[in-house]
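Throughout, a chain's letter reflects where its sequence line sits, starting with A, and its residues are numbered from 1. All of these numbers come straight from a predicted model, not from anything done at the bench.
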2 protein chains.
Amino acid sequence: MPSTAEFAETAALIGDPARANMLIALMDGRALTATELARAAGITPQTASGHLAHLTEAGLLAMTRQGRHHYHRLASADVARMLESIMSVTAGRRPFPTRPARTVTGPRDAALRRARTCYDHLAGQLAVAMADRMIARGEIELFPDGGALSGGGAAFLSSLGVDLEAAHVYAMRRGGGRIFCRPCLDWSERRPHIAGAVGAAMSRAWFAHGWLRRVEGSRAVTLTRSGEMVLGKAFDLGLGEQAA
Amino acid sequence: MPSTAEFAETAALIGDPARANMLIALMDGRALTATELARAAGITPQTASGHLAHLTEAGLLAMTRQGRHHYHRLASADVARMLESIMSVTAGRRPFPTRPARTVTGPRDAALRRARTCYDHLAGQLAVAMADRMIARGEIELFPDGGALSGGGAAFLSSLGVDLEAAHVYAMRRGGGRIFCRPCLDWSERRPHIAGAVGAAMSRAWFAHGWLRRVEGSRAVTLTRSGEMVLGKAFDLGLGEQAA
DNA sequence: GCAACGCTTCGGCCATCGCCGAAGCATCGT
DNA sequence: ACGATGCTTCGGCGATGGCCGAAGCGTTGC
């Protein structure tokens with residue numbers, strides 16, 4: 001009876017209250033650090049670390065190391081679907097059980113959360129929204145460990161003044177395609193945005209065009225009036241309360 | 001944090017190897033007895049009994065008592081879907097893990113398995129197939145503890161010579177609607193067939209019409225040539241190897 | 001560099017829970 | 001009525017596994 005054991009093991013992994021809380025906390029697709037997940041589960045980081053190792057080895061979670069932080073997220077949409085199907089069977093009819101004390105992440109500064117630089121590229125709600133739009137349109141793909149710009153994506157960015165030629169040359173000189181286009185886990189949104197040479201070229205071009213402006217003494221970034229016009233339209237952003 | 005605990009509890013229930021094996025054994029929709037499930041899980045009946053009580057209380061299983069047998073089955077299609085989604089996440093890609101020693105159920109006698117009487121109504125593969133067809137067409141509904149014949153179902157049976165009038169009168173005299181139409185767990189197939197006054201009227205009519213014939217010294221039943229013609233057509237049965 | 005921080009590994013404590021033998025109830029068959 | 005069968009409850013044993021404190025890397029930032 002080989003694989004019936006794996007089946008039970010998977011379920012047993014989910015069945016522990018601490019691990020269950022961590023998994024539920026990850027169900028919105030964000031990636032959280034071990035310490036944050038420990039808090040969500042009400043256990044110490046040591047204990048959480050062990051749990052996370054097991055969950056990752058079992059293929060339920062995937063982990064990305066970024067500096068001294070280890071970001072954990074659900075390994076696939078299949079895992080999320082499985083968790084939801086368990087919830088649907090659970091007595092309480094509701095599709096989502098009461099959230100486990102919504103973990104607050106990231107900078108308190110609203111402006112930073114909205115848009116900022118992350119090394120050489122953009123981050124924050126704005127950058128994540130841009131990446132989402134491009135993914136939805138099939139202009140770009142972002143995997144945990146890489147990404148790819150489609151022909152349409154290249155044309156789109158070029159039309160916005162992004163110099164992909166230079167980005168490509170730069171990437172080739174500094175380590176090949178993996179540098180050209182890659183995801184970066186957004187540290188307030190906990191979802192991927194566009195990094196690599198492409199991401200750098202995007203921010204460089206748009207600062208140069210005067211569509212983006214840095215906030216004094218901060219990593220925060222604001223869209224200028226012309227930026228709202230051009231980028232807001234190009235990325236189909238809701239032109240909402242973008243005012244600083 | 002109310003319902004997150006239920007979530008974990010459900011998964012923990014599935015996570016025990018013995019319980020997992022029992023659940024997997026039930027995934028084909030059959031209903032099995034506690035002892036059979038104990039064998040499938042490789043544990044003693046006492047232990048299985050406790051497990052089954054927990055699974056039932058958690059809403060994963062439903063139980064029907066029939067004499068001294070307690071038939072357990074998955075509580076709903078949702079539960080089956082949930083189990084499948086867990087399997088799909090489990091490392092081994094295959095949708096069904098190696099079956100846990102396919103439980104052999106029921107009489108060895110092939111003729112008995114095919115068709116027989118069960119008190120006053122029909123049982124066996126034939127009866128289960130008939131019930132399945134009628135359910136699929138919306139002519140009848142069978143719940144664990146009752147059933148209902150639709151208008152179309154009544155017309156269909158009447159066209160096959162079944163005297164539903166008499167059955168109704170009989171049922172009313174002997175305890176109300178619950179007697180009229182109800183399911184009976186088929187003891188070889190472990191799936192429901194039609195019992196109650198309706199089931200009795202069906203077998204009575206068809207014996208009278210010469211479409212069914214009892215086998216000497218046995219509860220086994222065979223379809224006659226005319227029965228194959230009429231019932232085979234009416235129930236859309238594959239006219240396969242029905243030969244005794 | 002050094003201290004702070006995040007994460008991990010190690011060791012040992014403790015509770016939970018699965019397991020079975022024995023015994024008690026219900027049902028069936030003769 | 002009797003024994004056989006199916007299921008359940010009870011009690012106690014044993015092991016798995018979660019938990020934390022302490023300590024050991026690696027990264028960050030001053």
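For A:Gln46 and A:Ala12, each mapped to the nucleotide of DNA chain D holding its nearest heavy atom, the one lying further toward the 5' end belongs to A:Ala12. In terms of position on DNA chain D, the residue among B:Ala34 and A:Leu13 whose nearest nucleotide sits closer to the 5' end is B:Ala34.
Between B:His54 atom NE2 and D:dT8 atom C1' there is a gap of 13 Å when expressed in whole angstrom units. Atom OH in A:Tyr71 sits about 13 Å away from atom C1' in D:dT27, given to the nearest Å. Following rounding to the nearest Å, A:Leu32 (CG) and C:dG6 (C1') show an atom-to-atom distance of 15 Å. If you measure from atom CD1 of B:Ile43 to atom C1' of C:dC20, you get 11 Å, rounded to the nearest angstrom. The interatomic distance linking B:Asn21 (CG) with C:dG18 (P) rounds to 14 Å, in whole Å. Rounded to whole angstrom, the span from the CZ atom of A:Arg19 across to the P atom of D:dC19 amounts to 8 Å. Distance CZ (A:Arg65) to C1' (C:dG6): 11 Å, rounded to an integer number of Å. Taking atom NE2 of residue B:His70 and atom C1' of nucleotide C:dA26, one finds them 8 Å apart after rounding to whole Å.
Among C:dT9, C:dC19, D:dC19, the nucleotide with an atom closest to any side-chain atom of B:Ala18 is C:dC19. You'll find that the side chain of A:Arg68 is closest to D:dT28, out of D:dT28, D:dC19, C:dC20. Checked against D:dC20, D:dT8, C:dG6, the side chain of B:Pro45 finds its nearest nucleotide in D:dT8. In the set D:dC20, D:dG18, D:dT8, D:dT8 carries the atom at the smallest distance from any side-chain atom of B:Met63.
Annotation: cation-pi geometry satisfied between A:Arg214 and A:Phe207 (NZ/CZ under 6.0 angstrom from ring centroid, within 45° of ring axis).
The shortest distance between the side-chain N/O atoms of A:Ser49 and the OP1/OP2 oxygens of C:dT8 is below 4.0 Å. Remark: B:His69 is not in phosphate contact with C:dA26, judged by side-chain N or O atoms under 4.0 Å from OP1 or OP2. For C:dG18, neither phosphate oxygen OP1 nor OP2 lies less than 4.0 angstrom from any side-chain nitrogen or oxygen of B:Thr47.
With sequence neighbours excluded, the residues satisfying side-chain contact (heavy atoms from CB on, under 4.5 Å) with B:Ala11 are A:Ile14.
Counting only N and O atoms by type, the side chains of B:Thr47 and B:Thr44 include a donor and acceptor under 3.5 Å apart.
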Could you go step by step and tell me if B:Asp78 and A:Ser88 meet the side chain to side chain donor-acceptor pair (under 3.5 Å) rule?
CA-CA 8 Å; B:Asp78 273 355; A:Ser88 75; 4.8 Å; no
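Put simply, CE on B:Met22 and CG on B:Leu37 are 6.5 Å apart, with the number rounded to the nearest 0.5 Å.
Contact annotation for A:Ala48: no contact, since no heavy-atom pair falls under 4.0 Å across all strands.
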